[in-house]
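Working notes, beginning with the structure itself.
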Amino acid sequence: MSFSISGNLFKGIGIASIGALILSPDVLFMRWSQMDVWSMLTWRGLEMGIILIIFSSCFKVFRTNFKNILSPVGFGIIFCQIVSSFFFTYGIAETSASLILFTLATSPIFASIFSMFILGEKTTNSTWITACLALIGVGISVANGEDVLNAPQGSVLIGTICGIGAAASLGLSLVLLRYQPNIPAMTVTGISALGNGFIGLLVVSPGLLFQGDILSISLSGLIILPISFACLTFATRYTQASNIGLLMLLETALGPFWVWLGTNETPNLFMISGGVIVILSLAWYILVDQMKVANN
């Protein structure tokens with residue numbers, strides 16, 4: 001396998017690595033906030049949305065292409081991102097962080113399947129093999145998912161559905177962004193985040209909105225999420241999406257570690273084994289994809 005050693009490649013990988021590393025403790029801050037689903041959705045959505053929209057408006061390319069968001073594809077991306085964020089937040093509040101992060105990591109597989117229908121891209125054998133391996137890994141994680149020390153005592157089944165729902169809707173949003181590349185990704189992500197925030201604000205009980213650790217959730221909404229998504233968005237200018245997908249596995253691997261370190265939420269051997277299968281299968285899939293690109 002050959003890799004380009006251009007400055008742009010290293011720049012893209014470096015920026016994406018920073019974004020993935022900054023994003024990795026996000027779930028820990030969600031745990032520390034001790035907020036309910038709707039409160040977290042409100043704070044994270046409004047704060048992240050405001051920061052991303054202000055930041056993206058500083059660049060002419062985002063202002064010029066803003067009108068492209070007002071299209072069926074643009075509204076589809078917003079809907080998918082709102083759904084993905086809701087499923088992710090609800091899943092984190094319902095069950096263990098490890099289970100949600102492992103299932104969310106399967107989004108590249110969903111993206112490959114959706115691209116077959118939307119972009120007309122051929123789904124390769126490696127995609128189906130990886131999908132089967134990833135599902136086996138998720139199944140192993142779910143098999144004994146309730147036996148997790150200090151995790152929320154919600155339904156593992158609901159948590160799994162939320163994780164898969166978040167992965168599928170995220171995968172679809174990425175395909176739609178590829179289908180309409182002139183839609184400014186950072187701006188549309190900011191609008192989606194605001195949408196989540198307003199939905200949460202409409203549903204949350206006023207008495208619960210200010211209960212919990214506002215500083216922890218605000219560190220996530222104002223710093224972790226905007227900076228990480230800004231880095232990952234900019235990285236797409238310099239390196240392939242497959243490289244970014246590979247680096248995003250850092251969050252899947254490090255997220256449960258930070259949660260364990262900060263809250264002593266300890267996944268069992270089944271969950272760890274299933275997570276390792278998911279991570280390794282996806283890493284293999286993305287590296288195979290890079291080899292194909294390098295050989296073309």
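Each residue takes its place number in the sequence, starting with 1.
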Quick one: are [X] and [Y] in side-chain contact, heavy atoms under 4.5 Å?
X      : Y      : value
Leu222 : Ile51  : yes
Cys162 : Glu94  : no
Phe75  : Leu70  : yes
Trp260 : Leu28  : no
Ile224 : Met48  : no
Pro152 : Thr95  : no
Ser273 : Leu269 : yes
Ile109 : Ile113 : yes

Quick note, ring-ring contact (aromatic ring centres under 6.0 Å, His included) partners involving residues 192-230, not counting sequence neighbours, are Trp43-Phe210
Pairs involving residues 16-39, ordered by first then second residue, that meet ring-ring contact (aromatic ring centres under 6.0 Å, His included) (sequence neighbours left out): Phe29-Trp32, Trp38-Phe86
Under a plain distance cut-off of 3.5 Å, with no hydrogens placed, do Ser220 and Arg44 share a side-chain donor-acceptor pair? yes
Nearest 0.5 angstrom please: Ile118 CD1 to Arg178 CZ, how far? 10.0 Å
Let me check something: any side-chain donor-acceptor pairs from residues 276-283 under 3.5 Å, sequence neighbours excluded? List them with distances.
unit_1 : atom_1 : unit_2 : atom_2 : d
Ser281 : OG     : Ile277 : O      : 2.9
Ser281 : OG     : Val278 : O      : 2.9

What is the minimum heavy-atom distance between Leu176 and Cys80, and which atoms define it? CD1-SG, 4.3 Å
Could you tell me which non-hydrogen atom of Pro25 sits nearest to which non-hydrogen atom of Ile22, and how far apart they are? CD-O, 3.0 Å
Which residues pass the side-chain contact (heavy atoms from CB on, under 4.5 Å) test with Asn65, sequence neighbours left out? Val61, Asn68, Pro184
Without placing hydrogens or testing angles, list every side-chain donor-acceptor pair under 3.5 Å for residues 211-218, not counting sequence neighbours.
unit_1 : atom_1 : unit_2 : atom_2 : d
Gln211 : NE2    : Gly207 : O      : 3.2
Asp213 : OD1    : Leu215 : N      : 3.1
Asp213 : OD1    : Ser216 : N      : 3.2
Asp213 : OD2    : Ser216 : OG     : 3.0
Ser218 : OG     : Glu47  : OE2    : 2.8
Ser218 : OG     : Ile214 : O      : 2.8

Evaluate whether atom OH of Tyr90 has more than 12 neighbouring non-hydrogen atoms of other residues, nucleotides or ligands under 6.0 angstrom away. no
In a table with atom names and distances, give each donor-acceptor pair under 3.5 Å that connects a side chain of residues 167-175 to protein atoms at least two apart or in another chain.
unit_1 : atom_1 : unit_2 : atom_2 : d
Ser169 : OG     : Ser84  : N      : 3.3
Ser169 : OG     : Gly165 : O      : 2.7
Ser169 : OG     : Ala166 : O      : 3.2
Ser173 : OG     : Leu170 : O      : 2.7

